[in-house]
There are 2 protein chains.
Amino acid sequence: MNNGRFAIATHILVLLCKNERELLSSDYIASSININPVLVRKEISVLKKAGVVSSKEGKNGGCYLAKKASDINLGFIFKLVFPKSILSLAKNTPNPKCPVGKKINGHLENLYSEAEQAMLQKLSNINLKDFCKKFD
Amino acid sequence: MNNGRFAIATHILVLLCKNERELLSSDYIASSININPVLVRKEISVLKKAGVVSSKEGKNGGCYLAKKASDINLGFIFKLVFPKSILSLAKNTPNPKCPVGKKINGHLENLYSEAEQAMLQKLSNINLKDFCKKFD
DNA sequence: CATTTCTGTAATGTTTTTTATTACAGTACA
DNA sequence: TGTACTGTAATAAAAAACATTACAGAAATG
């Protein structure tokens, strides 16, 4: 249930932040991340829907930050990319006849949501502008 | 890079805690979780190496908690099951010629480790005994 | 002491998820 | 009107997760 999407989204945003006022193409971005451009465009599509980036179609098009970098925090990005819990349940249906099996998924979900909340809080304290300073 | 192993390990431990002083077989446990017994035995093998459970081979064998449930915290279990970061990097090697690509993985790793630390701290506050009370 | 019932582990197969690729319609610039 | 982009769908390939089979070895039990 986990993958490199958060890394990709963050990489895109750092590039956009470092090149504010420029339009970056998905091919350019993809070659920095070293993945397929279509994956970049898909991720950008998610970021666009959330109002984090904007894009311009057509020749010489590309994308750019839609907000100030200091107004974008990494917790928000994380939630965009993983709207569901990253700590997945086992891919099975525990035995409902067992008193533990019957309740375990509910209790685990609560546990996960508490744990992820803690993580999210940490990430929310970091904004894109600050994160980008590390690349100077 | 993520899967249901933490759910499985926790489920096993809850069963053992609820049946202290009894030997539970991997078949019994597997039928509560509703997964293959071999997966249960594999996970038990990890828990054994960490001193959390013990087992007895042979007929009428099975496994049991090796510690008091109040001395087992869920953060410890989490680390056993996911010794590496759960927030994986993109499965690629970012372009080292790009100033962002060159540094991104290092910075992301730091970020991940901070974020996971926060989650782990939360989980470490919960011990198995308390978690099991939810099943009464 | 042979049989039964477990653990422990390796090897292999299947399914699901992730990532890559291909293809092409639509948009805007020159 | 050609060129260089975005946007998205469809498909394919690769990787990871999970299941299954198989069997050696351990201990209880008659």
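Just so it is clear: chains get the letters A, B, ... in the order the sequence lines come, proteins before strands, and each one is counted from 1. Only heavy atoms go into these numbers, but all of them, side chains included; no hydrogens, no water, no symmetry mates.
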* In whole angstroms, how far is the P atom of C:dT7 from the NZ atom of B:Lys49? -> 16 Å
* If only side-chain N and O atoms of A:Ser45 are considered, is one of them under 4.0 Å from the OP1 or OP2 phosphate oxygen of D:dT8? -> yes
* Whole angstrom value for the distance that separates P of D:dG7 from CG of A:Leu23 -> 11 Å
* Asked: So what does B:Asn36 hit on the nucleic acid, given a heavy-atom distance under 4.0 Å: a base, only sugar-phosphate, or nothing?
  -> base
* To do: Pick out which of A:Val52, A:Asn127, A:Leu47 makes a side chain to side chain contact (heavy atoms under 4.5 Å, CB included) with A:Ile72.
  => A:Val52
* To do: Could you please name the option among C:dT9, D:dT6, D:dG2 that lies closest to any side-chain atom of B:Arg41?
  => C:dT9
* Asked: Given that B:Lys42 and A:Lys42 both sit by DNA chain C, which one's nearest nucleotide is further toward the 5' end?
  -> B:Lys42
* Choose from C:dG8, C:dA30, D:dG7 the nucleotide whose nearest atom is closest to any side-chain atom of A:Glu57. => D:dG7
* Asked: Expressed in angstrom and rounded to an integer, what is the separation of A:Leu39 atom CG from D:dA9 atom C1'?
  -> 14 Å
* Aromatic rings A:Tyr112 and B:Phe6: how do their planes relate, parallel, tilted or perpendicular, breaks at 30° and 60°? -> tilted
* **Heavy atoms from other residues, nucleotides or ligands near NZ of B:Lys68 exceed 12 (cutoff 6.0 Å)** => no
* Asked: Starting at NZ of A:Lys48 and ending at P of D:dT8, how long is that distance when rounded to a whole Å?
  -> 7 Å
* Asked: Got A:Ile29 and A:Ile44 here, is their nearest side-chain heavy-atom distance under 4.5 Å?
  -> yes
* Nearest to the side chain of A:Ser25 - D:dA19, D:dC5, C:dA28? -> D:dC5
* Nucleotide D:dA17, atom P - distance to CZ of B:Arg5 in whole Å -> 9 Å
* Send over the distance from A:Phe82 CZ to C:dT18 P, rounded to a whole Å. => 9 Å
* Asked: Among the nucleotides C:dA20, D:dA28, C:dA10, which one has an atom lying closest to any side-chain atom of B:Val38?
  -> C:dA10
* Structure fact -> Atom CD1 of A:Ile12 and atom P of D:dT6 are separated, to the nearest Å, by 11 Å
* Separation of atom NZ in A:Lys56 from atom C1' in C:dA28, rounded to whole Å -> 7 Å
* Asked: Does OP1 or OP2 of C:dG8 have a side-chain N or O of B:Ser55 closer than 4.0 Å?
  -> yes
* N-O pairing of B:Asp130 and B:Lys133 below 4.0 Å -> yes
